[in-house]
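Data block below; observations after.
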Amino acid sequence: MKLAESLDLTPTKAPVRRVWIPKPGKLENRPLGIPTMRDRAQQMLVKLALEPEWETRFEKNSYGFRPGRNCADAIVATWNAINKCAEGKYVLDADIRGCFDNISHGALLQKLDSIRPIQQLIKRWLKAGILDGFNLQYATSGPPQGGVISPLLANIALHGLETHITEKIALTGNSPKPILIRYADDFVITHKDRTVIDRCRMAAEEFLRGIGLELNETKTSVRHTLHDADGKPGFDFLGFRFRSFRVSIHQKPKGRTNFKTLVAPSNDSIKKIYRRLCDIIDQSRAAAQSELIVRLNPVIRGWANYFRFGSSAQTFSKLDHLLYRKLQRWCHRRHTRKGKRWIVERYWNNGHPWKFRDPDSGRTLIKFADIHIKRHVKVRGNSHVYDRDREYWKSRGRDRPSGTLSGVPAKCLITPAEANIRDEPAPDLWQ
């Protein structure tokens, strides 16, 4: 309570505490900066002030770390960019090396160009220092990854990449423009001409040099969605595999091309989830069946809900089969003297055919196939949660009864005219 009463925008110099967390599936670690509670509260205040302004300026194909936008929007936007073109497209699958750690402080503050108190406060945060164990270091670039405002600052630094590439690649005639889809520090550029993709790569490198960044050469490649180009057809983006296929003339829908693009979980994503499920089962050898179900259900539900927007039915069926075989081995280990028929009747056919269910507690294991495929409707163009189009965001399920809209107070979505009708004061986003 004392912190809440004394909270203001007075600049502080408290360093962040650095911890190292392992990157999933890799041997390297990711640095994470933990600010003090006062700094976190101040960062949230500054974010509430800056976010409405920058949401009106961000480019339409930027989807990462923005309220009202998510990975599914970026996936559908990428599919739309590829599926409309016959013969497939070339794709620059790019990744920025150490985005949070290498952004130039000077370039970021110059692009931010906010009022003086906020400008000074953010400069103090960037220069505050990092406490790694007992060693105090002073960073010369990049906002500390892990702060409340760090994702917004990264989006501000990368703002303009799409416009820069579009203006740099001035195409003549009716040639379509390259399309860039960005989610945080990962982005893809699509076009049917390989030379245009190479020019886009040079333009992207030029833009990134201006803010102290560069492309990660080991993770950046040029692929084709239909033909072999520097590797197998297709590419991976945000855990999905994008690939085009040729369709028979008898299967071609009327008015469509002879090609279709499918989006399915990538092989790496399938291997990771199966490995995770196996680890949970192996660590639960002595646990009860109900306890095992409690551990598995959130993992299955979360993974399936993320990938339900693609062509994932076959993948869900395959994972259900692999999980059934793994659970069979788990049961045989517990009942070495029982046969397969007894185990199936005991664990699967106890009133719920082919459901892994505990008869004592009644808990049932969720199947991947129980999560039905649902096509996602992409967010509209330049729409953002501060545009006060309440009907549109309500149709997208963002008008929450609790009074918040993806972190935005509901009163911020009330126009001044509505405030006069309701005899309510006009919203002040700076409070």
Side-chain angles (χ1 to χ4, degrees), residues 19-30 32 34 70-72 75 146 236 238-241 264-374 376 397 400-402:
V19 296
W20 296 88
I21 58 175
K23 291 185 177 181
K26 299 179 181 179
L27 298 178
E28 49 187 303
N29 295 326
R30 175 183 286 113
L32 188 68
I34 304 177
N70 51 32
C71 290
I75 294 299
D236 295 343
L238 298 179
F240 285 86
R241 181 73 176 177
S266 65
N267 290 333
D268 290 340
S269 301
I270 298 173
K271 291 178 182 178
K272 287 179 182 179
I273 185 61
Y274 180 64
R275 185 70 263 163
R276 186 177 178 185
L277 294 175
C278 290
D279 291 341
I280 294 175
I281 295 174
D282 291 340
Q283 294 169 6
S284 306
R285 291 176 179 174
Q289 183 184 7
S290 61
E291 186 177 349
L292 176 62
I293 293 174
V294 169
R295 296 177 184 177
L296 290 176
N297 273 347
V299 179
I300 297 174
R301 184 185 293 110
W303 193 90
N305 280 330
Y306 178 79
F307 287 98
R308 68 186 300 185
F309 303 111
S311 303
S312 308
Q314 292 184 359
T315 302
F316 287 177
S317 178
K318 177 182 177 181
L319 286 172
D320 282 334
H321 174 70
L322 294 175
L323 183 58
Y324 169 72
R325 298 291 299 271
K326 183 67 178 178
L327 290 173
Q328 264 194 332
R329 293 192 289 272
W330 180 83
C331 296
H332 279 292
R333 187 182 181 278
R334 298 168 67 90
H335 308 282
T336 56
R337 297 186 179 183
K338 298 294 184 180
K340 293 182 179 180
R341 184 183 297 274
W342 184 92
I343 289 176
V344 168
E345 292 294 334
R346 164 64 175 80
Y347 288 95
W348 275 273
N349 282 353
N350 43 25
H352 292 263
W354 296 108
K355 286 284 189 179
F356 190 74
R357 181 176 181 272
D358 180 33
D360 299 328
S361 63
R363 293 193 176 101
T364 304
L365 183 68
I366 298 175
K367 286 186 176 182
F368 286 92
D370 292 339
I371 309 297
H372 300 292
I373 304 300
K374 180 181 179 181
H376 179 76
R400 303 181 188 273
S402 59

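Only heavy atoms go into these numbers, but all of them, side chains included; no hydrogens, no water, no symmetry mates.
One distance of note links CD1 of Ile300 with CG of Leu277; it measures 5.5 Å at 0.5 Å rounding. Rounded to the nearest 0.5 Å, atoms CG (Asp320) and CD1 (Ile366) are 11.0 Å apart. Atom CD of Glu291 is separated from atom CG of Leu296 by 11.0 Å, given to the nearest 0.5 angstrom. Rounding to the nearest 0.5 angstrom, the gap separating the CG atom in Leu319 from the CD1 atom in Ile270 is 6.0 Å. Rounding to the nearest 0.5 angstrom, the gap separating the OG atom in Ser312 from the CD atom in Gln314 is 10.0 Å. From Phe309, atom CZ reaches atom CD1 of Ile75 across 10.5 Å, with rounding to the nearest 0.5 Å.
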query: Stepwise, does the salt bridge (charged side-chain N to carboxylate O under 4.0 Å, His left out) test hold for Arg341 with Glu345?
result: CA-CA 6 Å; Arg341 184 183 297 274; Glu345 292 294 334; 5.6 Å; no
Verdict with reasoning, Gln328 to Trp348, per side-chain contact (heavy atoms from CB on, under 4.5 Å): CA-CA 10 Å; Gln328 264 194 332; Trp348 275 273; 4.1 Å; yes
- request: Might you work through the salt bridge (charged side-chain N to carboxylate O under 4.0 Å, His left out) test for Asp268 and Lys272, ending with a clear yes or no?
  value: CA-CA 6 Å; Asp268 290 340; Lys272 287 179 182 179; over 6 Å; no
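No more than 12 heavy atoms of other residues, nucleotides or ligands shown are found within 6.0 angstrom of CZ on Arg276.
Minimum interatomic distance between Gly239 and Phe307 (heavy atoms only, all atoms of both residues): O-CE2, 3.2 Å. The two atoms that bring Asp236 and Arg241 nearest to each other are OD1-CD, 2.7 Å, heavy atoms only. Of all heavy-atom pairs between Lys326 and Asp282, the closest is NZ-OD1, 3.1 Å. Leu32 approaches Gly146 most closely through the heavy-atom pair CD1-CA, 3.5 Å. Across Phe316 and Phe368, no two heavy atoms sit closer than the pair CD1-O, 3.4 Å. Heavy-atom minimum distance, Gln289 versus Pro359: OE1-CD, 4.0 Å.
Ring orientation note: the planes of Tyr347 and Trp330 are nearly perpendicular, at an angle over 60° on the 30°/60° scale.
With Asp358 contributing its side chain and Arg363 its backbone, the two residues share no donor-acceptor pair below 3.5 Å. With hydrogens and angles ignored, the 3.5 Å screen pairs a side-chain donor or acceptor of Arg308 with a backbone N or O of His372. Put simply, the side chain of Asp370 never gets that close to the backbone of Leu365: no donor and acceptor are under 3.5 Å apart.
The closest side-chain donor-acceptor pair between Ser266 and Ser269 falls under 3.5 angstrom.
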